[in-house]
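From a predicted model like this one, the values you see are computed outputs, not experimental measurements. One-based numbering, in listed order, for ligands and for the atoms of each.
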Amino acid sequence: MPRPRLVLASGNVGKLSEFRELLGDLAVELVGLAEFPDAQMPDEGTDYSENALLKARSIAAATGLPALADDSGLEVAALGGAPGPLSARYGGPGLDDAGRVRLLLSETAGATERRAEFVCYAALAWPDGRAVVERGVCRGRLLLAPTGGGGFGYDPVFQPDGYDGSMAEQDAATKNRISHRGQALDALRPAFEQLLAR
Ligand code: IMP
């Protein structure tokens with residue numbers, strides 16, 4: 001029997017591969033937006049939950065398939081919780097991941113308060129507009145310099161509590177188990193079971 005198809009409402013290839021691993025035990029086929037070049041992603045605001053729901057609902061409506069979306073970010077205590085929902089746009093459109101990491105380190109240089117957390121809201125939406133959203137969090141601290149080659153985004157400067165080294169130094173199985181996305185997806189499990197029961 002073909003597995004039900006689910007679209008990931010994100011153009012981030014790092015997220016697509018993480019979500020594929022996270023959903024590996026479920027009988028769904030997670031497809032990327034590349035298969036739907038006409039589907040437009042909505043503009044995002046500054047509220048994780050609303051952004052995740054908006055992305056999942058609009059891609060489900062545009063493709064006619066259930067859609068999964070997340071909105072995530074890094075909250076840095078020394079910056080009053082910034083960059084938060086603006087993490088992907090931190091420093092403006094001219095910066096790539098490495099540039100955003102450099103900016104973050106310069107903005108926090110000299111700060112003794114290093115606590116930080118990754119936050120994720122994951123939403124699952126059906127083409128008829130029904131949707132569920134759940135939150136996940138991963139606490140840790142901001143390192144003074146980037147280290148490790150795995151993951152994406154701010155992983156090289158984030159050390160999860162209870163682990164040695166940065167998130168970019170953890171193997172994929174460890175990151176998936178402890179990450180904000182892994183936690184949010186665990187909370188979404190009942191919604192996935194509902195999707196598979198149809
Ligand atoms: P979103 O696509 O609007 O959810 O943007 C999330 C942004 O937060 C990403 O572009 C990254 O900069 C950052 N981010 C989210 N999750 C992670 C992660 O697991 N590791 C590192 N950075 C992340």
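Ranking the protein heavy atoms by distance from atom 16 (N) of ligand 1 puts His180 NE2, 3.0 Å first. Looking from atom 5 (O) of ligand 1 to the surrounding protein, the closest heavy atom is Ala88 CB, 3.5 Å. For atom 21 (C) of ligand 1, the closest heavy atom belonging to the protein is Phe152 O, 2.9 Å. Given atom 12 (O) of ligand 1, the protein heavy atom at minimum distance is Tyr154 CE1, 3.1 Å. Looking only at protein heavy atoms, the nearest one to atom 8 (O) of ligand 1 is Ser87 CB, 3.4 Å. Among all protein heavy atoms, the one lying closest to atom 15 (C) of ligand 1 is Ser72 OG, 3.2 Å. Scanning all protein heavy atoms for the shortest distance to atom 19 (O) of ligand 1 gives Arg181 NH2, 2.6 Å.
Within the 4.0 Å heavy-atom criterion, the part of Lys15 lying near ligand 1 is the side chain and not the backbone.
How far NZ of Lys15 is from OG of Ser72: 3.5 Å, rounded to the nearest 0.5 Å. Summarising the geometry, atom CG belonging to Leu188 is positioned 7.0 Å from atom CG belonging to Leu68; distances are rounded to the nearest 0.5 Å. If you take CG on Asn176 and CG on Leu22, they are separated by 4.0 Å, rounding to the nearest 0.5 Å. Distance check, rounded to the nearest 0.5 Å: OG of Ser49 to CG of Asp47 gives 5.5 Å.
Not close to ligand 1: Ser179, with no non-hydrogen atom less than 4.0 angstrom away. The closest approach between a heavy atom of Lys175 and any atom of ligand 1 is below 4.0 Å. At least one heavy atom of Asp155 sits less than 4.0 Å from an atom of ligand 1. Heavy atoms of Arg89 stay at 4.0 angstrom or farther from ligand 1. Note on ligand 1: Glu44 sits in its first shell, one or more heavy atoms being nearer than 4.0 Å.
Donor-acceptor pairing under 3.5 Å is lacking for the side chains of Gln40 and Ser58.
Ion pair Arg139/Glu117 flagged as a salt bridge, since at least one NZ, NE, NH1 or NH2 atom sits closer than 4.0 Å to an Asp/Glu carboxylate oxygen.
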Residue pair Leu6, Leu23: steps toward the side-chain contact (heavy atoms from CB on, under 4.5 Å) verdict = CA-CA 11 Å; Leu6 175 68; Leu23 299 177; 4.1 Å; yes
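Residues Leu74, Val76, Leu79, Leu95, Val101, Leu103, Leu104, Leu105, Phe118, Leu142, Tyr154, Val157, Phe158, Tyr163, Met167, Ile178 make up the rest of the hydrophobic cluster containing Tyr90, defined by ILVMFWY side-chain heavy atoms closer than 4.5 Å, directly or through other members.
In this structure, Arg115 places its CZ atom where only 12 or fewer heavy-atom neighbours from other residues, nucleotides or ligands lie under 6.0 Å away.
Applying the ring-ring contact (aromatic ring centres under 6.0 Å, His included) criterion to Tyr121, with sequence neighbours excluded, gives Tyr48.
For ligand 1, the atoms sitting less than 4.0 Å from at least one non-hydrogen atom of Gly73 are 8 (O), numbered in the order shown with element in parentheses. Close contacts of ligand 1 with Gly153, meaning ligand atoms under 4.0 Å from a residue heavy atom, involve 21 (C), 22 (N). For ligand 1 and Asp71, the ligand atoms under 4.0 Å from any heavy atom of the residue are 1 (P), 3 (O), 4 (O).
Two residues are said to be in side-chain contact when any heavy atoms from C-beta on lie closer than 4.5 Å; Pro156 and Thr147 fail this criterion.
Comparing Phe158, Tyr90, Tyr121, Phe118 by heavy-atom distance to atom 23 (C) of ligand 1, the nearest is Phe118.
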